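Take a look at the structure below.
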Amino acid sequence: MPERRYREVRSRSELMLLPPCVDDYVSQHNPVRAIDAFVGTLDLEELGFRHAEEHCGAGQPAYDPGLLLKLYLYGYQHRLRSSRRLEAETRRNLEVIWLWQGATPSYKTIADFRKSNASALRAANREFILLCRELSLLEGRRVAVDGTFLKANANADSIHTEASLGKGLKRLDEKIAEYHRQMDEADAGSEDGADGGEDPELAAKIEALVERRKHKEALRERLQASGESQISEVDPDARVLRKSGKAVGGYNCQIAVDDRYKLIVAEDVVQDGNDAVQLEPMMTKAGEAMGAERLTGLADTGYFSREQLKSCEDKGLDVYVPIATNRPRRGKGDVKRFSIDDFRYDARNDTYVCPAGQRLTRGGSRRIKDGKPHFRYSSVKAVCRDCSLRDRCLSKSDPRRRLDRWEHEDVIDRHRRKINAGEPWIRQRATLVEHPFGTIKRWAGMDHFLMRGLDKCRGEFSLMTLGYNFKRVMSELGAEAFREYCLQKQRNGAISA
C-alpha cells in the first residue's frame, strides 16, 4: 500500500534569514498601526493620565501611559481584558511586541494603569468620538438609547437590603436557639446519669453563629446610617438589579448609538434598576458629543417617564418613546374596568369625556400625587348612578368617577399624537442599539466588570465602548486610511506647536 503524502514543512533546525527588524513582521495595513497612530494624537497629560507629566521625580521612571493605553485598546478588541493575559501577550504576540516596542511590563503595572486612570479613559473615549466627527462618521440626526445589566465583580449574595438582613438575622437567631436547646437537653441527660450525646463542637458552632450575627447586625446599622436601600460587602457601589424576573448583582450600563454606522456616541454606568430617569441625561450627553443642536432619540417603553419627556421637550430634544399604558391590575374573575386611557381629554373645554360620552370637570385646587401637582376631574353623581357602563367604571361604593391629571399632561398628549403619527424609522430602534450590546456582551465576552466601584466601572465601560467603536471605524474606513489621517493630524499639531 503506497505511503500517504503530506505537505512539506520546514525542519526546526533549518537555518533561515529572518527579517532584520520587528517592524517587518507587522504589515502596513495591520490595525495595530492604527491604534499606535490614534494614541499618538492624544494629549495624555491634558486628558488626565497619570505619569504623563513632562518632568518626573527620583526613582525608576514609569512606563509611558500611551503604551499602556495602546495595550488596553488592543486587548479590548481581541477579548483580552485580564492584566495577566495582557502581560503574556507582551512576550509572545508579535503585534503587541511591535506595539510595545519590546517592553515587558508586569501584570501589576498593567492592572494599576486601568485602576488609576478611570476618568482619563473616559476622556480618551470622548476624544475618539470627536475624531469620528472630524471624519464625518456621525450623522448627528438620530440616536437610539438603551441599557443593559452587566454583572459586577461581586456575588449577588454579598449585596444586602434591609429585608434580607432582617431575614438573615431571624434565621441565625433560630439556629442559635436550636443549638442552645440541644445543649440544655444534653446537660439534662448528663444529670440523670445517661449519656447526653452532646456534640463536642456545639459550643464552637454557636460561637461562629454569634460572630456571623454580629457581622450582619453591623451591616444593618451601616445600611440604616447610609440612607441607601442596599449595601454591598465586596463592591461598595454594586446593586441588585431586577428585570423580567431575573436578578443581577451589578450595574445598569447605558449607551446612545448613532444611526449611521452604529457608533456609540455616549455611554454611562448607573446604579438604578430601571431606565425611567436616564432618557434626558443620555440624550444630552449624545447631543454634546455629536455637536447636534437638535437631536431625535429613540427608546423603548422602559424609558417612558412624564418628567423625562418634559425635560427633553424643554431642551429641544425630539424623542420617541412608546407610552406605558395605565391599565389597572385585575384579579381572576374581576370586571375589566375603564382606566384613564379610556377617557378622552378635551383641551378646549378642559374636561375629560368618559366612554359613555359624559364629561368630567376640573375642581379648583391642585393636589400632590406621587410628588407631582395634579388637578382632579370629577363626574356628576346623578349621571353615574343611571349610567349603563357603571359596572365597568365604578366600584359599588363609589358614587362618581374621579381622574387626576398632571399639570404638564399636555406634554404627554403631544407626545402621544407624535407617536401615533408613526414615523417609519421608529422601528429601527432595536436594530440600532441592540447590535452594539450583542457585540460587546456575546462576541467580545464583556458581560461583566473586572473593576470595583462605580467610577472605575465607568472607566472600564468606556474602554469597552472605545474598543467597539474602534473596530467599527476600522471596518468602515480601513486601518490604512484611519492611520494616515491620524499621522496627518499629528504632523499638523507638531507644525502648529
Side-chain angles (χ1 to χ4, degrees), residues 76 79-85 111 114-115 118-119 121-122 145-172 211-255 264 267-278 281-282 300 302-303 433-434 436-465 467-468:
Y76 273 73
R79 309 181 190 182
L80 298 166
R81 295 194 293 155
S82 164
S83 58
R84 292 182 184 270
R85 290 187 177 183
R114 180 172 53 189
K115 185 189 303 181
S119 298
L121 289 171
R122 298 178 70 188
V145 179
D146 202 2
T148 191
F149 295 164
L150 292 189
K151 186 180 180 301
N153 187 6
N155 196 298
D157 293 339
S158 66
I159 305 173
H160 309 283
T161 63
E162 179 81 25
S164 66
L165 287 171
K167 291 179 181 178
L169 287 168
K170 182 180 179 181
R171 286 194 297 268
L172 287 172
E211 289 299 318
R212 286 175 57 188
R213 193 190 189 288
K214 289 180 180 178
H215 177 66
K216 283 192 177 293
E217 188 64 47
L219 284 174
R220 185 162 71 171
E221 291 176 0
R222 283 171 50 195
L223 177 61
Q224 292 172 346
S226 68
E228 298 286 340
S229 60
Q230 300 183 31
I231 187 170
S232 175
E233 297 182 72
V234 180
D235 182 341
D237 297 324
R239 297 290 181 266
V240 174
L241 311 175
R242 290 181 171 82
K243 183 184 292 185
S244 302
K246 296 181 180 179
V248 176
Y251 295 94
N252 186 352
C253 300
Q254 300 284 316
I255 59 172
I264 300 173
E267 85 289 337
D268 199 5
V269 179
V270 298
Q271 298 169 294
D272 299 327
N274 58 62
D275 303 323
V277 296
Q278 305 303 325
M282 290 304 300
D300 61 23
Y303 285 84
V433 76
E434 293 181 9
F437 274 140
T439 302
I440 290 173
K441 297 173 70 174
R442 298 294 176 257
W443 181 87
M446 292 184 284
D447 57 355
H448 63 284
F449 287 106
L450 299 179
M451 309 297 291
R452 292 175 180 172
L454 181 60
D455 186 59
K456 293 176 183 176
C457 287
R458 281 173 170 163
E460 186 179 359
F461 191 60
S462 289
L463 262 179
M464 295 182 192
T465 57
Y468 166 84

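Note that this is a predicted model, so its numbers are computed, not measured. Side chains are part of it too, since the values below use all heavy atoms of this structure and drop only hydrogens, waters and symmetry mates.
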Using 0.5 Å steps for rounding, measure from the CE atom of Met446 to the OH atom of Tyr468. 11.0 Å
Are there over 12 heavy-atom neighbours, none belonging to Arg79, within less than 6.0 Å of that residue's CZ? yes
What distance do Ser164 atom OG and Leu169 atom CG have between them, rounded to the nearest 0.5 Å? 9.5 Å
Exam field: side chain Arg242 to backbone Asn274, donor-acceptor pair closer than 3.5 Å: no
Pairs in or reaching into residues 148-158: which pass side chain to side chain donor-acceptor pair (under 3.5 Å), with residues at least two apart or in two chains? Thr148-Lys441
Shortest non-hydrogen contact between Lys216 and Leu165, atoms and distance: O-CD2, 4.1 Å
Any carboxylate oxygen within less than 4.0 angstrom of a Lys/Arg side-chain nitrogen, looking at Lys214 and Glu217? no
Value rounded to 0.5 Å, distance of OH in Tyr76 from CG in Leu463: 5.0 Å
Can you list every pair that meets salt bridge (Lys or Arg N to Asp or Glu O under 4.0 Å) and has a residue in residues 450-461, with sequence neighbours left out? Arg81-Glu460, Asp268-Arg458
Minimum-distance pair of heavy atoms, taken over all atoms of Pro436 and Ile255: CB-CD1, 4.1 Å
For Phe437 and Cys253 the tightest heavy-atom approach is CZ-O, 3.6 Å
Results of side-chain hydrogen bond (donor to acceptor under 3.5 Å, both in side chains) for Arg213 - residues two or more places apart only: Asp173
What pair of heavy atoms forms the shortest contact from Val240 to Ala247, and how long is it? CG1-CB, 4.1 Å
If I take atom CE from residue Met464 and atom CG from residue Leu150, how far apart are they, to the nearest 0.5 angstrom? 5.5 Å
Would you name the heavy atoms of Ile440 and Ala444 that are closest together and state the gap between them? O-CB, 3.4 Å
Before you tell me yes or no, could you show the steps for Asp146 and Glu434 under side-chain contact (heavy atoms from CB on, under 4.5 Å), namely the whole-Å CA-CA distance, both residues' side-chain angles and the distance that decides it to 0.1 Å? CA-CA 8 Å; Asp146 202 2; Glu434 293 181 9; 3.9 Å; yes
Flag side-chain contact, heavy atom, 4.5 Å: Asp275 against Lys243: yes
Hits for side-chain hydrogen bond (donor to acceptor under 3.5 Å, both in side chains) against Ser83, two or more places apart or cross-chain, chain-then-number order -> none
Is it true that a side-chain atom of Gln230 and a backbone atom of Ile159 form a donor plus acceptor pair closer than 3.5 Å? no
To the nearest 0.5 Å, what is the distance between CG on Asp272 and CG on Asn252? 7.0 Å
In terms of heavy-atom contacts, Gln278 and Val270 come closest through OE1-CG1, 3.7 Å
Table please: side-chain donor-acceptor pairs of residues 231-239 below 3.5 Å, with sequence neighbours left out.
residue: Ser232; atom: OG; partner: Asp235; partner atom: N; Å: 3.4
residue: Ser232; atom: OG; partner: Asp235; partner atom: O; Å: 2.5
residue: Glu233; atom: OE1; partner: His215; partner atom: NE2; Å: 2.6
residue: Glu233; atom: OE2; partner: His160; partner atom: NE2; Å: 2.6
residue: Asp235; atom: OD1; partner: Asp237; partner atom: N; Å: 3.1
residue: Asp235; atom: OD1; partner: Tyr251; partner atom: OH; Å: 2.9
residue: Asp235; atom: OD1; partner: Gly453; partner atom: N; Å: 3.0
residue: Asp235; atom: OD2; partner: Tyr251; partner atom: OH; Å: 2.8
residue: Asp235; atom: OD2; partner: Gly453; partner atom: N; Å: 3.3
residue: Asp237; atom: OD2; partner: Leu454; partner atom: N; Å: 2.8
residue: Arg239; atom: NH1; partner: Pro236; partner atom: O; Å: 3.3

Quiz: residues 221-228 side-chain donor-acceptor pairs under 3.5 angstrom, not counting sequence neighbours:
residue: Gln224; atom: NE2; partner: Glu162; partner atom: OE2; Å: 3.1
residue: Ser226; atom: OG; partner: Arg222; partner atom: O; Å: 3.4
residue: Ser226; atom: OG; partner: Leu223; partner atom: O; Å: 2.8
residue: Ser226; atom: OG; partner: Glu228; partner atom: N; Å: 3.2

